[in-house]
Amino acid sequence: MTERRQFRAIKGTRDILPPDSALWNWFEHTGREVFESYNFGEIRLPIFEETSLFARSIGVDTDVVAKETYTLENPEELGEPRESLDPKFSSLENKWNSLIARRPPIDRLDAFEGYKRQVSELLDVLEKGMAVGQVPRTPGNLQNIKSIRQNLNERIPLLLKAFIDEGVENPPDALESQAGFLTRSLARIHFTDVLTLRPEATASVCRAYIEHNMHALLGNQKLYYIGPMFRRERPQKGRYRQFYQIGAEVLGQSDAPAIDAEVLEMLLVFFNRVGLTRTTLYVNSIGDKNCRPQYVEQLRKELLKVKDRLKEDSQRRIETNPLRVLDSKIPEEQPIIEKLPRIADHLCDECRAHFAKLKEELNLRGIDYKENWRLARGLDYYTRTTFEVTAEGLGSQNAVCGGGRYDGLVELLGGPPTKGIGFAIGTDRSILSIEESGNARKLGGLAVYIAWMGQASYPTAVSVARKLRAAGLAVELPPEEMKFKKSLGLADKLGARYAVIIGEDEVASRTFTLKRLADGDQKKLAEAELLEYLESERPAKKGTGNDESNLR
Ligand code: HAM
C-alpha cells in the first residue's frame, strides 16, 4: 500500500506565500537600492562551506558553532580530501588507520600501555596538524580529541589502579573495552573537510575576499548579500532554523570611525525607508587584542567570586567566554552583572579614541543611539565597535540587526592584515515588526481582470492581455469562458482594480468597456486609449513615501 502521509515543511523552516512574498521582495529590493546608493555591490555566496571556516572565525565555543550548525553527514562521501596533504600528515592518516583498522585484540597490560602511548602520540601530531590547517579543526574533531585525552589521563588510570589494587593484573575484558573506546573515538576523527550549512555570511565574505585577492583592489571593498542562513535553534516567534539575512560588509586597510558611522547611517536609512521606525540602536566598544584580554581576565576574576549565585550557563561561560555572561537575560543575574567591571573603563587609548570619534560621527549624522556596555555579541570575531538594533512588537527575539568591527578576522583566516566592519539584518523579524506596526505597504496586487465573453472575442482578449502585461500591469485572463456575472464576481474576489469587458459588440466596434471595480464607474475606450489610461494608473514600484529627514 502506498504511504499517504502528508509532507510538511521541516520544523523551523517555512514557506513564504503570496501576497507576503511581495512584501519580502520589496524589502530586499529596497535594501539593494539603499546599499547601492552607498556604493555597495552584491556578493553571491555559497550556502555551504568547510566546517572549519565557521569554527575558526565564529569560534568553537560559541553557541552558534558548538550547538547550532547543520553539518552534513557522511563527510567522507561529501567532503573533498585536503589538497596536497603534507607527506608528514598523510603518514599521520596511515598511522591513524593502523591504530583503528589493524589494531590486534588487547588482553595484556603491557600491550594496552603500548596502545595508549601510540594513541597519545597520534593526538599530539593531530593537534599540530590542526594548528597548521592540515587536519580540519571542526567541533567534532575537537570534541573527540578532548574526550580521548580525558580518558587517557583520568578515567583509564583510575580504572587500572582499581584492578591492580584488587590484585587483578591483567583484566582482559576491561582492557579490550577501554581500547575499543579509544579506537571508536579515533575513528570519528575526520581527515576530509566536513561541510556545514552557513549559520551567517561574514566568514564566507572574508573567505571570498582572500580567495579573490580583493585586498589588491583599489580602496575599501563594500559588499552586500541577501539570503538564507541556518541555525538549529529552538523555534519560536521570530526565531527560525532557516532564516534570512540582508548583510553588508566593508573590508580594507582603513578602520576610520567614519566607516562605522556610515555603515550605521546606511542601516538606519534602510530601516526608515521600509517603515521599520520603532527601533533602538545600541552601540558599544569591546576593545581590541591589546586591551580586551586584561579586561576579560578581570571580569573572570570577579565572576569567579560570584559564581555560586549564577546559573549553569553563566557558570560555564566564566571559563569559555566571560563576555557572554554580560548577555544574560536571567532576572536573578541582573543585579550581579550590573556590579561587574565595565569595558569602557578598561579600553586602551587607541580604542577609547576610536569609540569617542565614532560617537562624534554619529552625532554629526543625526543618528540617535544608546550606549550599552553589555553588548558583547555572540560571535568571537568582534573587536572595538559592536552594535545591535532592536524593534518593538517582537517579544524576546527583538534584535532585528547585529554587527560590528572584526579587524584581524581576514588574517586569522590566512589572508593579509585587513580591517572589517559590517552588519546583518534579520529579514524575518524585520518584516514581522513592520507588519505588527501597521506600516506594511499594500503592494502590487491585481490591476486588470479581462472579462471576455463569446469565443469570437477570445483572440482579442489574448492580445489585449499581452499588451497590458508588456506595459507592466498585472493582468488575469480567465482561461475558459464564463458567464458575465460570474466573471465580474471573480474579478472582485481577486481584488482586481479594473475589469476590461470584451464581448462580441466590443470586438466589432474595436472599443472596450473599462470598469473601475471600487465604485463601478465605467467608460468606453478604443484600444490605444485603454492602454494609455491603464498605464497612467500603474502603481509606483519604488519607495515607501517615508523620507529620510526623520532619522533623529
Ligand atoms: P547575528 O547577530 O548572529 O549576527 O545575526 C544578525 C541578525 O540575524 C539578528 O539580529 C537577527 O535579526 C537575525 N537572526 C539570527 N538568528 C536568527 C534566527 N534563528 N531566526 C531569525 N532571525 C535570526 C551575524 O549573523 C553577523 N554575521 C553580523 C555581522 C556582519 N557582523 C559583522 N558583519
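Counting starts at 1 for both ligands and their atoms, following the listed order. Heavy atoms only: backbone and side chains are in, while hydrogens, waters and symmetry mates are out. The shown structure was predicted, so the numbers you read here are calculated from the model rather than taken from an experiment.
- Summarising the contacts of atom 26 (C) of ligand 1 with Tyr406, Tyr381, Phe423, the nearest heavy atom is found in Tyr381.
- When non-hydrogen atoms are compared, ligand 1 lies under 4.0 Å from neither the backbone nor the side chain of Pro199.
- Residue contact check: Tyr382 has heavy atoms under 4.0 Å from atoms 26 (C), 28 (C), 29 (C), 31 (N), 32 (C) of ligand 1.
- Between Arg239, Arg231, Arg377, it is Arg231 that holds the heavy atom closest to atom 3 (O) of ligand 1.
- With a 4.0 Å heavy-atom cut-off, ligand 1 is reached by the side chain of Gln245 but not by its N, CA, C or O.
- Around atom 9 (C) of ligand 1, the closest heavy atom drawn from Ser57, Ala399, Ala391 belongs to Ala399.
- Residue Phe243 holds the heavy atom nearest to atom 15 (C) of ligand 1 of all those in Phe230, Phe243, Tyr240.
- Of the protein's heavy atoms, Gly238 O, 3.3 Å lies nearest to atom 21 (C) of ligand 1.
- Under the 4.0 angstrom criterion for non-hydrogen atoms, Gly247 is not in contact with ligand 1.
- Summary of contacts: the protein heavy atom closest to atom 32 (C) of ligand 1 is Gly422 O, 3.3 Å.
- No side-chain N or O of Glu68 forms a donor-acceptor pair with one of Tyr70 less than 3.5 Å apart.
- Those atoms of ligand 1 with a heavy atom of Val400 less than 4.0 angstrom away are 10 (O), 12 (O).
- Aromatic pair Phe40/Tyr225: centroids not less than 6.0 angstrom apart.
- With ligand atoms numbered from 1 in the order given, ligand 1 contributes 16 (N), 17 (C), 18 (C), 19 (N) to contacts under 4.0 Å with heavy atoms of Glu233.
- By the criterion of a heavy-atom distance under 4.0 Å, neither the backbone nor the side chain of Glu388 is placed next to ligand 1.
- Taking a cut-off of under 4.0 Å to the non-hydrogen atoms of Leu379, the atoms of ligand 1 that pass are 4 (O), 24 (C), 26 (C).
- Annotation for ligand 1: atoms under 4.0 Å from non-hydrogen atoms of Glu249 are 30 (C), 32 (C), 33 (N).
- For atom 27 (N) of ligand 1, the nearest protein heavy atom (residue, atom name, distance) is Glu200 OE1, 2.6 Å.
- Taking atom 7 (C) of ligand 1 as the reference point, the nearest protein heavy-atom neighbour is Ala424 O, 3.6 Å.
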